[in-house]
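Everything on this sheet refers to the single structure shown next.
Quick note on labels: first sequence line is chain A, next is B, and so on, each numbered from 1. These numbers were taken from a predicted model, which means no experiment stands behind them.
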Protein chains: 2
Amino acid sequence: MVSIKDIAKQAGVSISTVSYALNGSPKVTYETTSRILAIAKALNYVPNAAARSLKTRETKIIGVFLTDFSGAFYGDLLQGTRETLTQKGYDLIVCSGKQSHRMLPERMIDGAIILDQTFGSDEMISYADRGHKLVVLDRELSHPNINQVLLDNKAGAMLATEYLIEQGHRTLYAVTGPSGSYDSKQRLQAVMQVVERTSGVTLTVIEGDFNKSAGERAAASIMADTNGGTVSSAVFCFNDEMAIGMFNYLAGNHPEVRIGEQIHIVGFDNIELASYTQPRLTTIDYSKRKWGAFAAEQLIKLINGDTVDHERIYVTLLKGNSVGAGK
Amino acid sequence: MVSIKDIAKQAGVSISTVSYALNGSPKVTYETTSRILAIAKALNYVPNAAARSLKTRETKIIGVFLTDFSGAFYGDLLQGTRETLTQKGYDLIVCSGKQSHRMLPERMIDGAIILDQTFGSDEMISYADRGHKLVVLDRELSHPNINQVLLDNKAGAMLATEYLIEQGHRTLYAVTGPSGSYDSKQRLQAVMQVVERTSGVTLTVIEGDFNKSAGERAAASIMADTNGGTVSSAVFCFNDEMAIGMFNYLAGNHPEVRIGEQIHIVGFDNIELASYTQPRLTTIDYSKRKWGAFAAEQLIKLINGDTVDHERIYVTLLKGNSVGAGK
DNA sequence: TTGTAAGCGTTATCAT
DNA sequence: ATGATAACGCTTACAA
């Protein structure tokens, strides 16, 4: 491995001069600087990150922590994050799994953006207490070193529920996320709020887990409830994944039940797949890229010691054909 | 930041004893070890990655480099990689973009798995020359420090082409990837080989780029060619993404043309979306998880100085309903 | 303008 | 069984 020491030797100067030169310090003559740069290039010199960050106590790398790499959902978010970070002079790495948590306390990254239910809040707080900077995307967490960038879940859930009611539906179902999910809790609260202030509406809550299989199970249960779709029903799945599971189940087991006629379905997230369902899924849309970009921005501010308010990502109702008018 | 120095002071021992104790060396008494461990925990001690890897010259982290984070395609691959790496005591980070290339030469990672067309082969070779270990998933590269784990592109392309011919189709189209793509080149070669040894088959090659839009353009061009689908045609899209672009274009612009009847389509990759197309896309399938796992395994072997042969991922034809019999 | 030297937090060799 | 100490490659006062 070639180090600044080797360059110094070659150039006949001291290592500090080399260091200054490499970092473009004006303290070194243009002449020596360019000579040193030339030698560095000739020797194929590459700085050693470990040595540098041992000294500077920063790595210029931000970590994004996800539950898994299933991607479909995260692509745009990461793209948005990366763009912003690049522009601020930071690099981005994506991590998943308990093992990789160490990257933050061990200082391999300068900060973390977290969208990972399995990441403990207490764990995060203990990191924050030690001075590490975090942005959370999936929970509320109050700490000077933690910022939140959250979806406007309540607005989304209200939009969805009100739309179903507006369309004349009175037999509502809500398929939730896993019990620990902040997003799911928020959505359910909003749904109940809307239902409570509307008379004549019945709501059945079905516990799900944000996976396709939960959507299938929910569909089965609803079919049992509604006499095989004879009674019309309107379902708000708390994410698109489950809505699609529901589509699949119905297509496979009840081909006679038509979505948007006997059963009406709304999702949440507007994932890519949602635009390929037949009929097109009605869902809650928001800019995943902006979400990622905001998170990055907030994190950099935290790192720079700027004050930051929590951010909120606004959502809209995207009307597809999976919801029709109630009779 | 609390360091082993602090622990040493508290415990009234030297830093070397602390270091040994923390690393579970048998040189230190069980007594002192447990005392030191207790103090470390009490002080909330976390080792500093930079300092350690400055000394040990390793980070126990592997980087996977992708063209982008669009995920849909990479989820399983990364999952497979991560499982294998975890088992071998390594962590995984996912990187994308030119910026992040520095991680390898700067020794922030112990090795790299590369599936990124934009990563220069010459760049990789220069890294390999300096002793860095790489596994490439998207090109052939001969170097003692580089291993390849490649798809069996030829087999896949042959399966697809032969199937189309077998089904009685004679007017074939091939929609390729971008000109630089190794996978695309391999597939095209195999297609041509099959076509050349079969009489009465005409092949038209349409240049694509692995994106949906290329599939749309190709569809338009084929429609023009075949008098709006009046003449039957059979298309091998070199990936599913383009095949789906083709589905979209046809659904939007030629609803009267039925896939699997007037036009027959085969894809490559069997991405998740492929199972949602109507009709189900016929495609070339392979285990993405196994691909990732192999790559990880090979890389660890390289790092350990073991000898490694190149690996190959086998593929199969997955029959959907997007190809029917030719008349 | 350039050099000297201390120090970042570890590991590991050599003494004791 | 434990301690002193050098070293890893770099940054940065401070001195010259």
Notebook entry, point to check: Between D/dC10, C/dG9, D/dA4, which one does the side chain of A/R52 approach most closely?
Noted result: D/dC10
Check: Any luck finding a side-chain donor-acceptor pair between A/R130 and B/N44 under 3.5 Å?
Finding: yes
Margin query: How many whole angstroms separate atom CG of A/D6 from atom C1' of D/dC10?
Written below: 13 Å
Item checked: Donor + acceptor pair across side chains of A/S25, A/N23 (<3.5 Å) -> no
Next item on the list: Select one nucleotide: of C/dC8, D/dA4, D/dC10, the one nearest the side-chain heavy atoms of A/Y45.
Entry: D/dC10
Notebook entry, point to check: Quick one, which residues of residues 25-33 of chain A touch DNA chain C with a heavy atom under 4.0 Å?
Noted result: A/K27, A/V28, A/T29, A/T32
Notebook entry, point to check: Any side-chain heavy atom of A/D138 within less than 4.5 Å of one from A/Q117?
Noted result: yes
Notebook entry, point to check: Rounded to the nearest 0.5 Å, how far does CD1 of A/I62 lie from OG1 of A/T59?
Noted result: 7.0 Å
Margin query: Whole angstroms only, please: what is the CG-P distance between A/L22 and D/dT11?
Written below: 8 Å
Item checked: 5' priority, DNA chain C, between B/Y20 and B/P47 [closest heavy atom] -> B/P47
Note to self: Any base atoms under 4.0 Å from A/S3, or only sugar-phosphate, or nothing? Heavy atoms, all strands.
What the structure shows: sugar-phosphate
Note to self: Centre-to-centre under 6.0 Å for A/F65 and A/F119, is that the case here?
What the structure shows: yes
Check: At under 4.0 Å between heavy atoms, what does B/V18 touch on the DNA or RNA strands: base, sugar-phosphate, or nothing?
Finding: nothing
Checklist line | Distance-only donor-acceptor test, B/K55 side-chain atoms vs C/dA12 base atoms, 3.5 Å | finding: no
Notebook entry, point to check: Does B/I15 or B/A51 map to a spot on DNA chain D nearer the 5' end, using the closest nucleotide for each?
Noted result: B/I15
Note to self: Starting the side chain at C-beta, find the nucleotide from D/dG3, C/dT10, C/dG9 nearest to B/I4.
What the structure shows: C/dT10
Note to self: Between B/Y286 and B/D269, is there a side-chain donor-acceptor contact under 3.5 Å, judged purely by atom types and distance?
What the structure shows: yes
Margin query: Determine whether a donor-acceptor pair (one donor, one acceptor, N or O, separation below 3.5 Å) exists between the side chain of A/S16 and the base of C/dT4.
Written below: yes
